[in-house]
There are 2 protein chains.
Amino acid sequence: MGPSDEIVIGPNIMQEHRHSDLPISGEGLLFLTDDQLRKGIEAMFFAYRGFTADPDLILETLSYGRAHHRAVHFICRSPGTTVNNLLDILGVTKQSLNRVLRTLVNDGLVESRIGPQDKRERHLYLTERGRQLEQELSEAQRTRMRAAYRAAGPEAVQGFRRVLEHIMDPQMRKFLKHMRDGG
Amino acid sequence: MGPSDEIVIGPNIMQEHRHSDLPISGEGLLFLTDDQLRKGIEAMFFAYRGFTADPDLILETLSYGRAHHRAVHFICRSPGTTVNNLLDILGVTKQSLNRVLRTLVNDGLVESRIGPQDKRERHLYLTERGRQLEQELSEAQRTRMRAAYRAAGPEAVQGFRRVLEHIMDPQMRKFLKHMRDGG
DNA sequence: ATTTTATGTCAGTCTTGTTGACTTTCCAAG
DNA sequence: CTTGGAAAGTCAACAAGACTGACATAAAAT
C-alpha cells in the first residue's frame, strides 16, 4: 500500500445520477438504484482482484500467467477435453490458447493425445506434475473463498451464486448447470 | 458461440478432491466443500466476463480498453481525485496509468488541473464529453447488473455483496465502506 | 540547503489477446 | 474414387496493457 495505508480518493462528492433512482413504487426496489448498482459494480471489481491475487503469486514464481491457470483448471475439471471445447469455455482464440497449451505440454504439465476416433482432435490430460500445480493453485484460491464463505454464511453464499449466474451470459450458465447435474 | 451452440467439455468425469470435503459435523457446512467452492470459483470467472462484456463493446469502437473505463469510472465517482489516489485504487503502476490518462486528456475526456494547495498534485475531472462516455459505459454495465439483481431478488443481492466484500482485500473493503458512509 | 514527495517520461520486457496463412484430417457430393 | 470444403490445430507477426528501471521536474517538508 501507499505511505498513508489509507485510501482517500479526494473529497467525498458522490455523484447523484438519479435518473433511474426514483423508487417506482414505495416498495422494496431500493436495491435497484443506480447507487446500489454502482456499489455492486465496484465490489465486483475489487473482489475479482482479490480472487486472482493468491494464484497469481504462485504463477509468478513459475513465469506462468492466468491463462495457464485457467487452462490447467478446466483440463483438471474435465480430463480428456478437446482443444475446441476449451476454446468455447475460455472464450479466446485458438491461437491464444495454443501458445499456453504448448508451454504446458513442453513443461510436462499437460499431455495432448491424438483423438482415437477423430484424429484431428487433441484430448488433453494433466500429468502428475500438472495435477500437483493445479492443486496448489486452486487450494490457494479456495482458501480465500472458504474464508469469505464462512464469514458471509450459507445464505449469503446462495445469493452470491444466484446473482453471479444471472450476470454471466446464458450459454455459460447453461454450461455450469450441465456440469452441476453431472457432478 | 460455436456451431453446436452447446458446450460439452468431454466426458463428465468429476474429480473428487475430497480431502477437505469431509463434513466435519453433521450440520450445515456443506456450502464449504471443495466442490461448492469450485462452483463459486467458476461462477466468478464466467460472471466477470459477462460483467465486462458490454462496456468492452463500446470501448472497442473508440479503440479504448478496460483501463480507460476504470480510470473514467473512478474519476467520475470522485471528481478532483489525484493521480496518486487513483494509483492506489486501480493497483497499477504510474507508467501504466499515465499512458491511459494521457490519451484521455489528449482526447478531451479528462481535465488535469494543478492542485490549488499542493501544486505538485494533479486533480482529475471529467469534461462534458468524459461524463457522456462514462454514462454510456456504466449504463451498459448497469443494465446487465440491474437485470441480474432483479432476477435474483433483494436477499440474493445482499448475499452477493456480502461475499464479494469478504473476497476482496481488507484495504479495498475499508475503502468501499468509507465511501458508503459518505454517500 | 537537502531530502522527500508527486508527477511525468523514455525505453524495454512480458503476458495474452488479436488476425492471417498454413497443414492435416475428415467427410460428403459428384 | 476423387475432390473440395469444413474442422482442428499450428506457426508467425502484431497490439494492448501490464511491468520494471532510470531519469527529470517541481514543490513541499525538514
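To find a chain, count down the sequence lines: A is the first, B the second, and so on, and within it residues start at 1.
Remark: R144(A) engages D54(A), D169(B) in a salt bridge (charged side-chain N to carboxylate O under 4.0 Å, His left out) (not counting sequence neighbours). Every residue meeting the salt bridge (charged side-chain N to carboxylate O under 4.0 Å, His left out) condition with R113(A), not counting sequence neighbours, appears here in chain and number order: E111(A). Under the rule for a side-chain contact (heavy atoms from CB on, under 4.5 Å), the partners of A152(B) that lie at least two apart in sequence or sit in another chain are R162(A), V163(A), H166(A), A156(B). Legend: residues meeting ring-ring contact (aromatic ring centres under 6.0 Å, His included) with F31(A), ordered by chain and number and at least two apart, are absent. Residues passing the salt bridge (charged side-chain N to carboxylate O under 4.0 Å, His left out) test with E60(A), sequence neighbours excluded: none. A search for ring-ring contact (aromatic ring centres under 6.0 Å, His included) contacts involving H68(A) returns Y64(A), not counting sequence neighbours. Residues meeting the salt bridge (charged side-chain N to carboxylate O under 4.0 Å, His left out) test with R66(A), sequence neighbours left out: D56(A). Partners of R120(B) by side-chain contact (heavy atoms from CB on, under 4.5 Å), not counting sequence neighbours, listed by chain and number: D118(B).
One atom, CZ of R113(B), and another, P of dG8(C), lie 15 Å apart when rounded to the nearest Å. Rounded to whole Å, the distance from CG on L86(A) to P on dT16(C) is 14 Å. For the pair L101(A) CG and dT15(C) P, the interatomic distance rounds to 16 Å; values are reported in whole Å. Rounding to whole angstrom units, CG of residue D56(B) and C1' of dG17(C) are separated by 12 Å. At whole-Å resolution of the value, NE2 in H123(A) and C1' in dA8(D) are 11 Å apart. Separating the CD atom of E60(A) from the P atom of dT15(C) is a distance of 10 Å, rounded to the nearest angstrom.
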* To do: Go along nucleotides 21-30 of chain D 5' to 3' and tag each nucleotide: B for a protein heavy atom under 4.0 Å from its base, S when only backbone or sugar atoms are that close, - otherwise.
  => BB---BBS--
Between protein and nucleic acid, restricted to nucleotides 16-18 of chain D and to nitrogen or oxygen atoms under 3.5 Å apart, what atom pairs and distances do you find?
| residue | atom | partner | partner atom | Å |
| --- | --- | --- | --- | --- |
| dG17(D) | OP1 | G65(B) | N | 3.2 |
| dA18(D) | OP1 | R70(B) | NH2 | 2.7 |
| dA18(D) | OP2 | S96(B) | OG | 3.3 |
| dA18(D) | O5' | S96(B) | OG | 3.0 |
| dA18(D) | N7 | R99(B) | NH2 | 2.9 |

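Non-hydrogen atoms lying under 4.0 Å from DNA chain C are contributed by nothing in residues 102-110 of chain A.
Between R131(B) and E134(B) there is no salt bridge, since no side-chain nitrogen of the basic residue lies less than 4.0 Å from a carboxylate oxygen of the acidic one. Taking 4.0 Å as the cut-off between side-chain N and carboxylate O, R142(B) and E139(B) count as a salt-bridged pair.
The side chain of N98(B) places an N or O atom within less than 4.0 Å of a non-bridging phosphate oxygen (OP1 or OP2) of dT9(C). Residue N84(B) has a polar side-chain atom (N or O) positioned under 4.0 Å from OP1 or OP2 of dT7(C).
Sorted pairs that involve residues 92-110 of chain A and meet salt bridge (charged side-chain N to carboxylate O under 4.0 Å, His left out), not counting sequence neighbours, are lacking altogether.
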